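This one's a predicted model, so the numbers in the text were calculated from it and none came from an experiment. Only this structure's heavy atoms are used, side chains among them; waters, hydrogens and symmetry mates stay out. The chains referred to below are lettered A, B, ... by the order of the sequence lines, with proteins before strands, and numbering in each begins at 1.
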There are 2 protein chains.
Amino acid sequence: MARAATTTDAFNAVAEPRRRQILEVLADGERPVSDIVASLGLAQPLVSKHLRVLREVGLVEVRDHGRQRMYRLDARPLKSIHDWVRNYERLWSERFDRLDGVLGELKALEDGDDGNDE
Amino acid sequence: MARAATTTDAFNAVAEPRRRQILEVLADGERPVSDIVASLGLAQPLVSKHLRVLREVGLVEVRDHGRQRMYRLDARPLKSIHDWVRNYERLWSERFDRLDGVLGELKALEDGDDGNDE
DNA sequence: TTGACACATACCATTATGGGCATACGATCG
DNA sequence: CGATCGTATGCCCATAATGGTATGTGTCAA
């Protein structure tokens with residue numbers, strides 16, 4: 001088997017730097033393809049392809065506006081990623097490097113959260 | 001060009017479900033390969049390959065222990081992912097979905113139009 | 001209508017992934 | 001020492017992704 005399709009989930013879709021860049025551009029608001037092309041300095045077909053992937057995983061939505069297509073960010077799919085990494089947050093923010101059984105509490109994190117920031 | 005190497009960064013390494021599973025197993029503490037193999041029910045060579053990828057992006061560390069190799073999680077590379085997604089957190093946790101919020105001005109640029117999806 | 005414009009899609013080439021299987025390699029056991 | 005366990009690596013295959021270039025489709029202008 002080959003690598004999972006980029007359209008499998010947000011994890012795969014976002015693994016591509018260009019797609020992350022597109023999301024960042026869209027974070028400022030709805031934009032037509034041409035704007036993204038200009039912002040990223042990529043070929044238009046490439047941008048369209050990346051947008052297609054992002055659309056398939058639900059990270060962006062399109063809206064027709066004359067001959068332009070306005071793309072809008074929908075960050076919700078990113079929540080799954082956030083939820084996943086979040087479980088490891090304490091492992092890098094605290095000095096648990098040498099500890100082994102630390103993660104016994106990982107599951108407990110689900111209900112009891114003590115919130116750590118770096 | 002093909003897709004970026006899985007060893008490019010944590011984003012790519014973690015896009016693979018099996019590798020995420022491995023990290024989850026290691027979250028409970030240091031473990032020899034055989035344990036991971038047993039936990040995931042995958043072929044040993046596959047696990048070794050995945051571990052290699054994880055090692056190359058710094059998500060795991062190895063330690064020789066007799067004829068076993070003990071793998072240990074190092075979550076630090078995950079921080080970059082966390083930092084990235086974090087910027088979008090408000091976009092999914094708040095009700096900015098249907099609203100244009102910050103980008104209200106863009107919305108003002110165009111008025112009458114009908115939304116169309118794929 | 002023709003043409004310019006904004007995007008999307010098709011096709012090509014290059015690359016390498018994930019999985020399967022066999023095997024090489026180091027450490028330990030007998 | 002040789003045998004075996006624990007892992008890593010090599011090789012093969014099928015899949016597909018990214019980037020490039022060309023072209024198709026729909027919209028608006030003249």
Side-chain angles (χ1 to χ4, degrees), chain A residues 1-22 25-26 30-57 60-72, chain B residues 1-23 25-26 30-57 60-72 109-110 112-118:
Chain A
M1 224 187 241
R3 219 201 289 205
T6 54
T7 52
T8 299
D9 52 40
F11 276 99
N12 282 281
V14 161
E16 166 64 50
R18 267 65 186 269
R19 278 190 290 260
R20 258 175 276 149
Q21 286 178 27
I22 291 180
V25 169
L26 293 180
E30 201 179 37
R31 295 266 192 115
V33 177
S34 57
D35 271 33
I36 302 175
V37 169
S39 294
L40 304 199
L42 291 178
Q44 174 267 312
L46 271 197
V47 173
S48 280
K49 287 178 196 170
H50 282 313
L51 284 171
R52 182 161 174 50
V53 173
L54 293 174
R55 226 175 17 186
E56 290 195 35
V57 297
V60 300
E61 280 178 15
V62 218
R63 176 173 69 91
D64 281 19
H65 182 61
R67 46 185 169 186
Q68 293 189 311
R69 304 205 82 194
M70 308 300 291
Y71 278 83
R72 189 165 65 79
Chain B
M1 224 189 240
R3 222 204 286 207
T6 54
T7 52
T8 300
D9 51 41
F11 277 100
N12 282 280
V14 160
E16 166 65 52
R18 267 64 186 270
R19 275 187 295 257
R20 256 174 279 152
Q21 285 178 26
I22 291 180
L23 295 185
V25 169
L26 294 180
E30 202 179 38
R31 295 268 191 111
V33 178
S34 57
D35 272 32
I36 303 175
V37 169
S39 295
L40 304 200
L42 291 179
Q44 174 269 312
L46 268 198
V47 173
S48 280
K49 287 177 193 172
H50 282 312
L51 283 171
R52 183 161 174 45
V53 173
L54 293 174
R55 227 175 11 186
E56 290 194 37
V57 297
V60 300
E61 281 177 14
V62 217
R63 177 173 67 93
D64 281 20
H65 182 59
R67 45 185 170 185
Q68 292 189 312
R69 306 204 80 194
M70 308 299 288
Y71 278 84
R72 189 165 65 78
L109 290 180
E110 57 246 356
D113 61 61
D114 43 51
N116 260 323
D117 262 43
E118 167 178 17

side-chain hydrogen bond (donor to acceptor under 3.5 Å, both in side chains) against Arg19(B), all qualifying residues, sequence neighbours excluded: His50(B)

By side-chain hydrogen bond (donor to acceptor under 3.5 Å, both in side chains) - contacts of Arg20(A) (at least two apart): none

Presence of Tyr71(B) side-chain N/O under 4.0 Å of dA8(D) phosphate oxygens OP1/OP2: yes

Contact under 4.0 Å: Arg52(B) side-chain N or O vs dT9(D) OP1/OP2: yes

Expressed in angstrom and rounded to an integer, what is the separation of [X] atom [atom1] from [N] atom [atom2]?
X	N	atom1	atom2	result
Arg63(B)	dA8(D)	CZ	P	14 Å
Asp64(A)	dG26(D)	CG	C1'	9 Å
Arg55(A)	dT9(C)	CZ	C1'	11 Å
Leu51(B)	dG18(C)	CG	P	13 Å
Leu54(A)	dA17(D)	CG	P	13 Å
His65(A)	dG26(D)	NE2	C1'	15 Å
Met1(A)	dC13(D)	CE	C1'	13 Å

Any chance you could measure [X], atom [atom1], to [Y], atom [atom2], to the nearest 0.5 Å?
X	Y	atom1	atom2	value
Leu51(B)	Arg31(B)	CG	CZ	12.5 Å
Arg55(A)	Glu61(A)	CZ	CD	11.0 Å
Gln68(B)	Arg63(B)	CD	CZ	10.0 Å

Using distance only, find each side-chain donor-acceptor pair of residues 4-14 of chain B under 3.5 Å and give its atom names and separation, not counting sequence neighbours.
residue  : atom : partner  : partner atom : Å
Thr8(B)  : OG1  : Ala5(B)  : N            : 3.2
Thr8(B)  : OG1  : Ala5(B)  : O            : 2.7
Asp9(B)  : OD1  : Phe11(B) : N            : 3.1
Asp9(B)  : OD1  : Asn12(B) : N            : 2.8
Asp9(B)  : OD1  : Asn12(B) : ND2          : 3.0
Asn12(B) : ND2  : Ala15(A) : O            : 3.3

Closest non-hydrogen atom pair between Tyr71(B) and Val33(B), with its separation: CE1-CG2, 3.5 Å

Proximity to DNA chain C (any heavy atom under 4.0 Å), residues of residues 40-50 of chain B only: Pro45(B), Leu46(B), Lys49(B), His50(B)

Selection residues 43-53 of chain B - residue pairs positive for salt bridge (Lys or Arg N to Asp or Glu O under 4.0 Å), sequence neighbours left out: Arg52(B)-Glu56(B)

What's touching nucleotides 3-6 of chain D from the protein side, N or O pairs under 3.5 Å?
residue : atom : partner  : partner atom : Å
dG6(D)  : O4'  : Arg67(B) : O            : 3.4

Distance-only criterion, 3.5 Å: show the donor-acceptor pairs between side-chain atoms of residues 34-47 of chain B and protein atoms not counting sequence neighbours.
residue  : atom : partner  : partner atom : Å
Ser39(B) : OG   : Asp35(B) : O            : 2.9
Gln44(B) : NE2  : Ser48(B) : OG           : 3.0

Close approaches to DNA chain D from residues 2-10 of chain A, in residue order (heavy atom, under 4.0 Å): Ala2(A), Ala5(A), Thr6(A)

Contacts of Arg69(B) that satisfy salt bridge (Lys or Arg N to Asp or Glu O under 4.0 Å) - sequence neighbours left out: Asp64(B)

